[in-house]
Amino acid sequence: MSEYRDVPAVETAAVSADYVVRLSDVSKHFGVKAAVDHVSLRIARGAVFGLIGPNGAGKTTTFSMLAGFLRPSGGTIEVLGHSPHDVAALRSRIGVLPQDAVLPPGDRVGDLLVHLACMQGMSRERAREQARAVLAEVEGADWWPTKCGALSHGMAKRVQFAQAMLGDPDVVLLDEPTAGLDPRVAFEIRQLIVARKRRTTLIVSSHNLHELEEMCDAAAVLDRGRVVANGSIHELTSAGGEIHVDLARGPVPLDALRALPVADRVEFDEERRDLAVYFSREKADAEAVIGEVLAVLLQNGARISGVTKGRGLEQRVMELTA
Amino acid sequence: MSPVREIALLVERELVRNVRSAKGIILALLCVLGGTGTTLAGISTTKLYGKVDAAQVHKLREQALSAAYGEEIGKYLADAPEVMYGMMAGTIALAALLATLVGFDSISSELQHRGVRYWTVRARRSSYIAGKFLGLFAVTSTMTLIMHTCSWAALAAKSDLSFGVIMAWGVRLWLVTLPVSAAWCGLVTFLSALFRTPILALLLACLAWMALGLTYFVGKISERDWLTWFYPNGFDRLLLSPSPDKLLGGVAAALGFAALFVAAGVVLFQQRDV
């Protein structure tokens, strides 16, 4: 069931109270259709922030407004204290990997990166150094003389990623950074993103929820143009009031668990060996429930493989956007 | 970074991009062949009436040019070698086509494939349009210079004209083509920024210069002079004048035409979603 409620702007990462991106009551209409509907968000400096939602949720539209590609129909957007259209102020401070922007096929990779770095205000010599550095970072040092039109999808994606990182910008917007990449390269891109945590604010729009859960400090879940949930990954995943225990083969004391006063409901998936304990967050916090549940399990000889608090991000998003 | 620097970088890229593209190479080759071929054909033709009295030929030429441009320009241009005049007239006639072929996709294809997004985060949108316009103008000017240089070389090798005469008239007549070329580049830049589909930009550019040409023709035959000012090729009646005032007026008219469309392109591009 979807939760259609206006979510107040909250601090989305406990990194700093210094917000680098602010959206206030932002809307975007295409004709009569509202692609983004009164969205408010604040993103703290140094955070890795995810934009999550199904197709048509408004992720890419929000992303495109942050990057200055689209003008909002209403509301205000600030990136590093400036309008996204203030190129003179934001040049070299913001890097963007647009999802579906094709690299100019006739340009050579090296020349294009040097040109783009020069457009950010670098001298030609520094631009060349920077271009080589970012290309090496995506393991594309050999592609310098290759025409962009001759790159495979994965190679082009990495060049697109490289251009977004030119000049080590303060804010980087990444739209589907690993889409279409093989698992190894996708892993490497994720590592590059995580390596920039704290020194760069990264805003990542993606369908890959496992990836976002792994990388992000905070996220906003969008559905049909509105923010349906917004907070740290911890807040998003633990909002349900449940814990999960992975159990190895052995006894499962379901009756004893169901007798616990803190447990509202207990379910056990035999096949996956997943024990789910649901509780009311008003009555107890997750840590207290974990303590009581583990005590019962250990007393009854259960073999515990792992414990997780709340739900996976994927499950939570499914609930929010159903 | 100043807008001037942004524009300079964009112009540089346009030049490099066109030099390396198949389209740019083919058009440059056509310019070489066209410049050399038409000049050699022109030299052969002028040799056919070589035995006719030169003064008589000069008088006939003066009369024909006076009918086209007025007495002042007719007298002045009658001294120009026919082949060089023909090269200039051909360049002006083809300026719209050349600007269209080189520039119809310069912005529209980047809008279509959203490659423009790599630039809009790095350059002011006004600089982007101005850079595209000046880049297109630089490319078309270079191509016409190649064509004229080939013509000058052919004349130096195959005609009796002295090097001094070739260069004096050659450079002057090539320079006359530049403002006309700039005007068409302005129109093509605007149309390229108007559409996401390059083929639409191409079709509309062709339609635009045909419509403007028709307007000029209607203006001429109906003696409504104001109609002729919508067609940049018609500015040659000022640009070819030996009078500096008229020459400057022609330059101003052509650059005004270009500036109008570039400004419209900037306004449009600043408002649009990319």
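Each chain gets a letter, A, B and so on, in the order the sequences are listed, and its residues count up from 1.
The pair R17(B)-D111(A) does not meet the salt-bridge criterion, since no charged nitrogen lies less than 4.0 angstrom from a carboxylate oxygen. Ion pairing between a basic and an acidic side chain is recognised when a charged N comes within 4.0 Å of a carboxylate O; D107(A) and R13(B) show such pairing.
For Q163(A) and R122(B), the side-chain atoms include at least one donor-acceptor pair closer than 3.5 Å.
When side chains are defined from C-beta on, E6(B) counts as touching R91(A), because their heavy atoms get closer than 4.5 Å. M119(A) has its side chain within reach of L10(B): a pair of non-hydrogen atoms, C-beta onward, lies under 4.5 Å apart. Proximity of M1(B) to V87(A): side-chain heavy atoms (C-beta onward) are nowhere separated by under 4.5 Å. Residues H115(A) and E12(B) fail the side-chain proximity criterion, which asks for heavy atoms closer than 4.5 Å. The shortest distance between side-chain heavy atoms of Q270(B) and H85(A) does not fall below 4.5 Å.
Residue S64(A) touches chain B through its side chain alone, counting heavy-atom pairs closer than 4.5 Å. Proximity to chain B is absent for every atom of L173(A), based on heavy atoms less than 4.5 angstrom apart. With a threshold of 4.5 angstrom between heavy atoms, T120(B) approaches chain A through its backbone and through its side chain. For R124(A), the part lying under 4.5 angstrom from a heavy atom of chain B is the side chain only. L97(A) does not touch chain B: none of its heavy atoms, backbone or side chain, sits under 4.5 Å away.
Closest approach of R125(B) and F69(A) over heavy atoms only: NH2-O, 3.8 Å. Of all the heavy atoms in Y118(B) and V102(A), the pair that sits closest is CE1-O, 3.7 Å.
Taking chain A as the reference chain and counting heavy-atom pairs below 4.5 Å, the highest number among R114(B), H113(B), R117(B) is found for R117(B). Taking R20(B), R5(B), R124(B) one by one and counting their heavy-atom pairs under 4.5 Å with chain A, the maximum is reached by R20(B). Per-residue heavy-atom pair counts under 4.5 Å with chain B were compared for L90(A), V96(A), D86(A), D100(A), and the maximum is reached by D100(A).
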